[in-house]
Amino acid sequence: MSDLVRTLLAQHAETTRLLGVDFLPLGRPSPSVIPEPEPVGSSTVRDVAPRASAAVEPKAPPRLATAASVSVRACHEHLSDPQAKLDAVRDRYLADAPHQHFVTSFTNVVFGEGDPRARLMFVGEAPGETEDQTGRPFVGRAGQLLDKMIVAMGFSREQVYICNVLKTRPPNNATPTSEEARLCAPYLIEQIRIVSPEVIVTLGLPATHLLLETAAPMRELRGRWWSFPPGREGDGSGFIGASIMADPDLPTIPVMPTYHPAYLLRSYTEENRRKVWSDLKQVMDRLRAGSPA
Ligand code: URA
């Protein structure tokens, strides 16, 4: 092993320890627990048509997200391959451009990437600067920390699916408003329906609030299991809408909210790192329990 590799490994181990990790899976993950990576399909950045800093006049948004959801779903119903379905939703997103109602400039749409059959899905907030430049989710500083978390959980980045509530970078990295989240929800919901992961980890409040239809603070949400859709009795007053919540074809998926890696970087306390690791350990336990013997 070269000195460089040794140094990189030592740095990785130290960062992981600082994250509060007190346990690491040894060797390769058992194939029965963690599926082999599948080749990442055509929805990666290579195929996302780059847009040269599109400047758009915000338009008045449609009143109902439900109508958009029905047409987003229709765009992939005739397909069977999950990657082809995700590609169809991405194309639909590009055609609908829901961000035209709130974003004034961006470079690339950041749709999401990873295994279209992933057991584990991470949903973040919105692309930042590096993501906007590359068209890939979570590739900046927060993304590097997320990568470490994923590896500490015994997965590789290619084995999970990573996406965001918003698919374009908000001006000045502003936190998405609930209206922006509502406009983009139909595309995220279709990503969830297609990948149909065993567990969703929501990173930060915007993703957690959107998928759980709540406005509760993170301290009341993280570390506990919730489900998406959040209670089939939804009254339609949330961002997602009653007809989507009541859709019998939308699988019910356990959700574990946790702190956003960018928040963790800003508040890098041992307490916060331990909280995140304890949330992720619950996810690992659940995935292990769900694995075929
Ligand atoms: N923060 C997010 O929420 N998503 C990204 O893709 C990058 C940073």
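These numbers come from a predicted model, not from an experiment. Because only heavy atoms are used, hydrogens play no part in the values below, and waters and symmetry mates are left out as well, while side chains stay in. Order of listing sets the numbers, starting from 1, for every ligand and every atom in it.
For the residue pair Arg169/Thr107, the side-chain donor-acceptor check at 3.5 Å is not satisfied. His260 and Glu125 share no donor-acceptor pair across their side chains, judged by distance under 3.5 Å alone.
Between Tyr187 and Tyr93, the ring-plane angle classifies as perpendicular under the 30° and 60° cut-offs.
The residues Glu179 and Arg182 are annotated as salt-bridged, a charged nitrogen and a carboxylate oxygen being separated by less than 4.0 angstrom. One finds a salt bridge joining Glu190 and Arg193 here, because a Lys/Arg side-chain nitrogen approaches an Asp/Glu carboxylate oxygen to under 4.0 Å.
For atom 4 (N) of ligand 1, the closest non-hydrogen atom of the protein is Asn164 OD1, 2.8 Å.
Close N/O approach between Gly124 and ligand 1 is not found [any backbone or side-chain N/O within under 3.5 Å]. The N/O atoms of Ala142, backbone and side chain alike, include none that comes under 3.5 Å of an N/O atom in ligand 1.
Residue contact check for ligand 1: His260 places a non-hydrogen atom closer than 4.0 Å to it.
Summarising the contacts of atom 2 (C) of ligand 1 with Cys163, Gly143, Ala126, the nearest heavy atom is found in Ala126.
For ligand 1, the atoms closer than 4.0 angstrom to any heavy atom of Glu125 are 2 (C), 3 (O).
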